[in-house]
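In this text, all values refer to a predicted model and were calculated from it rather than measured experimentally. Note that these values count all heavy atoms, side chains included, but never hydrogens, waters or copies made by symmetry.
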Amino acid sequence: MDAVRVALLREVLAGTQWPGDARRFAGSLRRSVAPAGGKLLLVGTEGYEPWHMAAHLVDEAAWSGLPELAPTLVRHRVRPGEPPHPSVGLGRLAAAGRGHTVLVVAPREPGEGLLERVHDARRAGATVLSLDGGDRDLGALAHDALSVPDGGAELDLDTVQHLVSAAAGENGLPAQRGSRRRLRDRLAGLADRLTAPPPSRW
């Protein structure tokens, strides 16, 4: 979803809680990663890997001049021979501590194993943030949470991820983007890439 579509989405949602809630949560994300830089861990559930959220944050990091927003995607299953970046398994959470931010994206129940690992990371000093479907246990672990109940009338968790990632990069220093025409071309290409299925070897 490009910047124009995000703006249109915010206009549609004007008068609801979501634009403000997304900006508030994005502010928590920025504040937690800024002091450390490069220590953002993004993890989903066993049945849901937040590939698109990872891609959005990588792009926002580049465009906003905030490299600390680029996450390491932590996966429940890592296949042999995959490139290094997506090959970070759940064991990475065991090394999380002070200075790290663990962002959990969980549309449904995260599962006891993930909850235990996130709890251990918090006890070790990591900041825990949660984009979730309303799970109480995960919400209780998080320093800040934004919940989108499954089947909500207004929007779903995927849409909220777009709002949050866009807001996370808004207050950064603008990168060198060239002319307006080049910017529009880059946005169009980015939109095509982000709406494509996640690669099998990212």
Arg30 and Glu68 ion-paired at < 4.0 Å:
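Between Glu68 and Arg30 there is no salt bridge, as every charged N stays at least 4.0 Å from the carboxylate O atoms.
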Under a 4.0 Å threshold between the charged nitrogen and the carboxylate oxygen, would Arg24 count as salt-bridged to Asp144?
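A salt bridge is present here (some side-chain N lies under 4.0 Å from a carboxylate O).
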Would you mind reporting whether [Y] and [X] have side-chain heavy atoms less than 4.5 Å apart?
| X | Y | answer |
| --- | --- | --- |
| Leu41 | Arg92 | yes |
| Val164 | Met53 | yes |
| Ser130 | Leu146 | no |
| Leu90 | His76 | yes |
| Ser32 | Leu129 | yes |
| Val104 | Leu131 | no |
| Pro50 | Leu73 | yes |
| Leu29 | Leu40 | yes |

Can you name the nearest heavy-atom pair linking [X] to [Y], along with the distance?
| X | Y | value |
| --- | --- | --- |
| Leu69 | Ala168 | CD1-O, 3.5 Å |
| Leu42 | Pro71 | CB-CB, 3.9 Å |
| Ala166 | Glu170 | O-CG, 3.3 Å |
| Ala106 | Thr45 | CB-CG2, 3.5 Å |

Nearest-0.5 Å distance that lies between atom [atom1] in [X] and atom [atom2] in [Y]:
| X | Y | atom1 | atom2 | answer |
| --- | --- | --- | --- | --- |
| Leu114 | Asp135 | CG | CG | 10.0 Å |
| His143 | Thr101 | NE2 | OG1 | 9.5 Å |
| Arg108 | Leu157 | CZ | CG | 10.0 Å |
| Leu138 | Ser147 | CG | OG | 8.0 Å |
| Leu163 | Phe25 | CG | CZ | 12.5 Å |
| Gln161 | His56 | CD | NE2 | 7.5 Å |

Yes or no on side-chain contact (heavy atoms from CB on, under 4.5 Å) for Trp18 and Thr159, after CA distance, side-chain angles and deciding distance?
CA-CA 10 Å; Trp18 298 111; Thr159 304; over 6 Å; no
Test salt bridge (Lys or Arg N to Asp or Glu O under 4.0 Å) on Arg77 and Glu46 and set out the steps.
CA-CA 8 Å; Arg77 293 188 183 87; Glu46 188 170 359; 2.6 Å; yes
Go through it in stages, so that I can follow the logic: the residues are Glu49 and Arg75, the test is side-chain contact (heavy atoms from CB on, under 4.5 Å), and I'd like the CA-CA distance, side-chain angles, deciding distance and then a yes or no.
CA-CA 7 Å; Glu49 290 186 330; Arg75 304 180 62 194; 3.0 Å; yes
For residues 120-128, dump all side-chain donor-acceptor pairs below 3.5 Å to protein atoms at least two apart in sequence or in another chain.
unit_1, atom_1, unit_2, atom_2, d
Arg122, NH1, Leu141, O, 2.5

Is it true that a side-chain atom of His100 and a backbone atom of Gly97 form a donor plus acceptor pair closer than 3.5 Å?
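Present.
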Once salt bridge (charged side-chain N to carboxylate O under 4.0 Å, His left out) is applied, do any residues pair with Arg117, and if so which ones, sequence neighbours excluded?
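Per chain and number, Arg117 pairs via salt bridge (charged side-chain N to carboxylate O under 4.0 Å, His left out) with no residue.
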